[in-house]
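Residue numbers begin at 1 in each chain, while the letters A, B, ... track the order of the sequences.
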Number of protein chains: 2
Amino acid sequence: MSATTRRFPTQEELRVWRDFLETGDLVRAELTARLQQSSGLSPGDYAVLLALSEAVGQRLRSSELAATIGWERSRLSHHLGRMEKRGLIRREECLTDNRGHEVVLAPEGLAAFQEATRPHLRDIRELFVDALTPDQLAAAGQIAAALRAHLVRG
Amino acid sequence: MSATTRRFPTQEELRVWRDFLETGDLVRAELTARLQQSSGLSPGDYAVLLALSEAVGQRLRSSELAATIGWERSRLSHHLGRMEKRGLIRREECLTDNRGHEVVLAPEGLAAFQEATRPHLRDIRELFVDALTPDQLAAAGQIAAALRAHLVRG
DNA sequence: TCAAGCTGATTGACGTGTCAATTATGCCCG
DNA sequence: CGGGCATAATTGACACGTCAATCAGCTTGA
């Protein structure tokens, strides 16, 4: 088969591509709605609260928190501003570095997180794990790995 | 195995879940960056322009356009405002229904779309189709179908 | 006919994300 | 010491998305 005939995806390949992405979005959207419903938290809130709840003293420097959850600092800064307004976290001066801030888990934040966790994990099982056969679950992992490897290699 | 032991996902299942979603995002992000790079268009712009380019007279009523690309009307309205400012589309009064508007593909929009299409399709092939074996591609389709079916059934 | 309600589309408020610029502080080296 | 660079974090401008409210024009039924 010549290079020319393989230049563009077929209709079927495009369909799989769109299905693949859109389905991920649909599952994510449903999970987000349930999380919101059960706890009033967004996925971003949940990620922040999870990281803080696991930190010693339930506090982290902003940049450590950003690294832990894999966010850009400016994104985190904006998000923390919104979470602080809602009383989920506090920001305190950092004693060892006057430039830095420590993000502290507030009681309201801990409560919301604890309330969210079990239903959230159950929902992940329900919407993702239970929807797939063991073979499909394994395939999903391999597909993700293959896509990532291809991305990195270029 | 008791119901209790299966209440929550295992570490491995959670890892696959996160990998699956994050990888989709990574691929999408790379594709978005390339589209932006090559044509200055966002995925939303591209969807709108694709629908318009295929419409007779390269024009559509707002609500038909929204239905075609599966967007809420308010989302479309906001997006069209931004696209109109950039000269990619125009909005005209609808002759048969004074409430309605027609969205018209502008020359700049057509040019940008035509410039975007080939590289975009090539990128989808490169980043998605070529990354997977035929088996994996088929599995991806089946996984998406299984997740969707599970979502609908509840 | 005309008030009541339906529909097409826009708008405003706000949450979320990126990028670039800014501010303040720490640190290093001549 | 102190000028210059690196680092911590925030800020502002903007793109994008959802939801609820709004507004204008169509449509219908007593």
| request: Determine, step by step, whether A:R61 and A:E102 satisfy the salt bridge (charged side-chain N to carboxylate O under 4.0 Å, His left out) criterion, reporting the C-alpha distance in whole Å, the side-chain angles of both residues, the deciding distance to 0.1 Å, and the verdict. | output: CA-CA 4 Å; A:R61 288 285 295 271; A:E102 280 195 328; over 6 Å; no

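B:D123 contributes no side-chain N or O that, together with a main-chain N or O of B:H120, makes up a donor-acceptor pair within less than 3.5 Å. Checking side-chain atoms of B:E93 against main-chain N and O of B:N98 turns up no donor-acceptor pair under 3.5 Å. Using a distance-only test at 3.5 Å, with no hydrogens or angles considered, a donor-acceptor pair links the side chain of A:E13 to the main chain of A:T10. Listed for the A:E84 side chain is a donor-acceptor partner under 3.5 Å among the backbone atoms of A:R91. In this structure, B:T68 contributes its side chain and B:E64 its backbone to a donor-acceptor pair below 3.5 Å.
Taken residue by residue, residues 93-100 of chain B places heavy atoms nearer than 4.0 Å to DNA chain C at B:R99, B:G100. Interface residues of residues 75-90 of chain A facing DNA chain D, ordered by number: A:S77, A:H78; criterion, heavy-atom separation under 4.0 Å. Using a 4.0 Å cut-off on heavy atoms, the residues of residues 35-71 of chain B that approach DNA chain C are B:R61, B:S62, B:S63, listed by number.
Scanning all heavy atoms of the two residues, the minimum distance from A:L137 to B:V16 falls at O-CG1, 3.7 Å.
Ring geometry, B:H79 versus B:W71: the interplanar angle exceeds 60°, so the pair is classed perpendicular (tilted spans 30 to 60°). Between B:F128 and A:F20, the angle of the ring planes lies from 30° to 60°, which puts this pair in the tilted group.
Criterion: ILVMFWY side-chain heavy atoms under 4.5 Å apart, direct or through other members. Under it, B:I69 and B:L60 are part of a common hydrophobic cluster.
Distance B:R91 CZ to C:dT11 C1': 11 Å, rounded to the nearest Å. The nearest whole Å value for the distance from the NE2 atom in A:H101 to the P atom in C:dG26 is 12 Å. The CZ-P distance, from A:R28 to D:dG17, rounds to 13 Å in whole Å.
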